[in-house]
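Written below as structure tokens is the structure these notes are about.
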There are 2 protein chains.
Amino acid sequence: MTGIGKTTRQRGRDVAEGLATAIHEHRLSPGMKLNEDEVGEIFGVSRTIVRSALQSLSHEQLVVIEPNRGAFVARPSVREAREVFEARALLEPRTAHSAAIRTTARDIALLRGHIDEEHAAIDAGDHGRALRLSGDFHNEIARIANQATIAAFIGQLVARSSLIIALYWRRRQATCESHAHHALLDALEAQDADRAEDLMKSHLVDLVSLLDLTEPADAPSSLKEALGPR
Amino acid sequence: MTGIGKTTRQRGRDVAEGLATAIHEHRLSPGMKLNEDEVGEIFGVSRTIVRSALQSLSHEQLVVIEPNRGAFVARPSVREAREVFEARALLEPRTAHSAAIRTTARDIALLRGHIDEEHAAIDAGDHGRALRLSGDFHNEIARIANQATIAAFIGQLVARSSLIIALYWRRRQATCESHAHHALLDALEAQDADRAEDLMKSHLVDLVSLLDLTEPADAPSSLKEALGPR
DNA sequence: TTGCGATGGATTGTATACAATAATAGCCTC
DNA sequence: GAGGCTATTATTGTATACAATCCATCGCAA
């Protein structure tokens, strides 16, 4: 239904999506070099297409292009990390509010499926996949709110959050946030917009509190930190 | 200071900016075809660069790329128009609040200069330039708020607003919104964050009220409307 | 006149070739 | 052996050539 890949439509999109998914699932780590020839060979396209995909990703700040040096998976600074979550705090609660009002039974079923998949992934030990699904949950809510423009912004922020989590997550422990998602789902199902808004707000606060945003991490502040026993 | 154009840095950015400015100033109208060869000849670059610029603009939704048909200046639908201003209503008031707290004397001077330039442009009958400067005013406030992520979103929304105004502005009359900008400037100077927030909110409401968002306008709903006496 | 189909021209999509720049390795000097 | 300079290699930036697609014109028949 989603179209077989052999069709003539723009393959740059496919490459960009492939790379984005890999980033979401933490298979590509922040700072990693994205060689144009290599990527092209992997996806079976020429550098022209790869270049287009990388530019696209750089526009949503998943990738940083350094002139004449190439493309790298972005390494959001502590400051950027804060900004991303402040933006999310500004957008997502109100969006959850709108979503609660418009939620249909079909949406609920879809979201429930999402959460189930997420659990399955965690049980299977596939943390990358679990993380991606967790992000998708937020994107789904934005979609339900039926405001494409805001949803697009949230999509970008969720994607960048994935990089931020890769860099600044405190514990190795998997996503323990399923409870928050469950509670949100309940509020949406009850169409309790105010509760959904509050839950989203505190969910985001919780998320940030699980990050360690004290260290610069862009450049190690000391040699010992950079080379010492990890 | 800003680098002479002959340097080796990516010229795609220059082309994109050139086109964006033309769109902001309403020299390029919604729906207009952007032929790759033509644009390339105008800016003195090859299609490769033009293509990159067009993709960039399409990502911020100033341009729509139809596969195998080419790039066109975007024609936001009524629905998109509403969404853009709802997003602005969500982001900009709080941003004005933050900006008011952080405003410095230097910022005030800069904004005042902006407003003056705007007036000068209006007096000179250069509505396009006035409109662009009016948008820049909003961007400046976002910059002062010192949240690059949100500022980038606002930048996009302001740019799209320019297209929306081109399509749905009720009167021929020029921007009569200078008063709102003046009032905002005063609030910022007084560092009265709450007032700045309220002023921004009502300013945006006023802006929307000056738009005619009742008609589809994507396709004229009747022949009479399309061909009748204008 | 109206509708359909074919042909030619123009425009976009993609790959590739070449030029420019940065990274690497080797050599020489001290 | 350490440090710096040069040459080589690898990678990116840009232009161009070719293929695929679309659009317009024309012709023809009903």
Side-chain angles (χ1 to χ4, degrees), chain A residues 3-19 22-23 28-75 219 223 226-227, chain B residues 3-19 22-23 28-75 219 223:
Chain A
I4 302 303
K6 203 192 270 184
T7 60
T8 314
R9 80 150 168 287
Q10 281 165 255
R11 285 173 292 175
R13 216 61 187 176
D14 296 340
V15 175
E17 267 182 44
L19 291 173
I23 290 175
L28 287 174
S29 307
M32 200 169 283
K33 173 85 190 278
L34 298 172
N35 182 293
E36 294 179 359
D37 279 324
E38 249 179 284
V39 175
E41 197 151 345
I42 290 169
F43 286 92
V45 295
S46 105
R47 276 182 56 216
T48 306
I49 310 292
V50 175
R51 207 142 226 287
S52 159
L54 291 175
Q55 267 191 260
S56 179
L57 292 173
S58 106
H59 199 284
E60 39 194 318
Q61 301 194 257
L62 289 184
V63 154
V64 170
I65 295 178
E66 298 185 28
N68 287 321
R69 297 217 35 242
F72 304 82
V73 179
R75 291 183 83 253
L223 247 182
L227 302 176
Chain B
I4 303 305
K6 201 191 270 183
T7 62
T8 312
R9 78 147 170 286
Q10 281 163 254
R11 284 172 293 176
R13 217 61 187 178
D14 296 340
V15 175
E17 266 182 46
L19 291 173
I23 290 175
L28 287 173
S29 307
M32 199 169 283
K33 174 83 189 279
L34 297 172
N35 183 294
E36 295 179 358
D37 279 325
E38 247 180 285
V39 176
E41 197 150 347
I42 290 170
F43 286 92
V45 295
S46 108
R47 275 182 58 218
T48 306
I49 310 290
V50 174
R51 205 143 227 283
S52 160
L54 291 175
Q55 269 189 257
S56 180
L57 291 172
S58 105
H59 200 284
E60 40 193 317
Q61 301 193 256
L62 289 185
V63 154
V64 170
I65 294 179
E66 297 185 29
N68 288 321
R69 297 213 39 242
F72 304 82
V73 178
R75 291 183 82 252
L223 246 184

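To find a chain, count down the sequence lines: A is the first, B the second, and so on, and within it residues start at 1. Everything numeric here is computed off the predicted structure, so don't read it as measured data.
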Take the protein atom CD of A:Glu66 and the nucleotide atom P of D:dT11, then report the distance between them rounded to whole Å.
16 Å

Among the candidates D:dT12, D:dC22, C:dA22, find the nucleotide nearest to the side-chain atoms of B:Arg69.
D:dC22

Please report, rounded to the nearest Å, how far the P atom of C:dT21 is from the CG atom of A:Asn68.
7 Å

Of B:Asn35 and B:Thr48, the one whose closest nucleotide on DNA chain C sits nearer the 5' end is B:Asn35

So do B:Arg13 and B:Ser56 actually touch side chain to side chain, heavy atoms under 4.5 Å?
yes

Whole Å only: how far is the CD1 atom of B:Ile65 from the P atom of C:dT11?
17 Å

To the nearest Å, how far apart are A:Glu38 CD and D:dT11 P?
8 Å

Do any side-chain nitrogens or oxygens of B:Lys33 fall under 4.0 Å of OP1 or OP2 in C:dT12?
yes

Show the nearest heavy-atom pair for residues B:Ala53 and B:Gly12, with the distance to one decimal.
CB-O, 3.6 Å

Run the side-chain donor-acceptor check on residues 36-45 of chain A: report pairs under 3.5 Å with partners two or more places apart or on a different chain.
unit_1	atom_1	unit_2	atom_2	d
A:Glu36	OE1	A:Arg47	NE	2.9
A:Glu36	OE1	A:Arg47	NH2	3.0
A:Glu36	OE2	A:Arg51	NE	3.3

Just the rounded figure in Å: distance from C1' of C:dA19 to CZ of A:Arg47.
12 Å

Would you mind reading off the distance between A:Phe43 atom CZ and C:dT14 atom C1', rounded to a whole angstrom?
17 Å

Under the side-chain contact (heavy atoms from CB on, under 4.5 Å) criterion, do A:Leu54 and A:Leu19 qualify, and how do the steps go?
CA-CA 9 Å; A:Leu54 291 175; A:Leu19 291 173; 4.0 Å; yes

Against the side chain of A:Ile49, the closest entry in D:dT12, C:dT12, C:dT14 is C:dT14

Write down the distance between CD (A:Glu41) and P (C:dT16), rounded to a whole number of angstrom.
12 Å

A:Glu36 CD to C:dT21 C1': how many Å, rounded?
13 Å

Contact under 4.0 Å: B:Arg11 side-chain N or O vs D:dA15 OP1/OP2:
yes

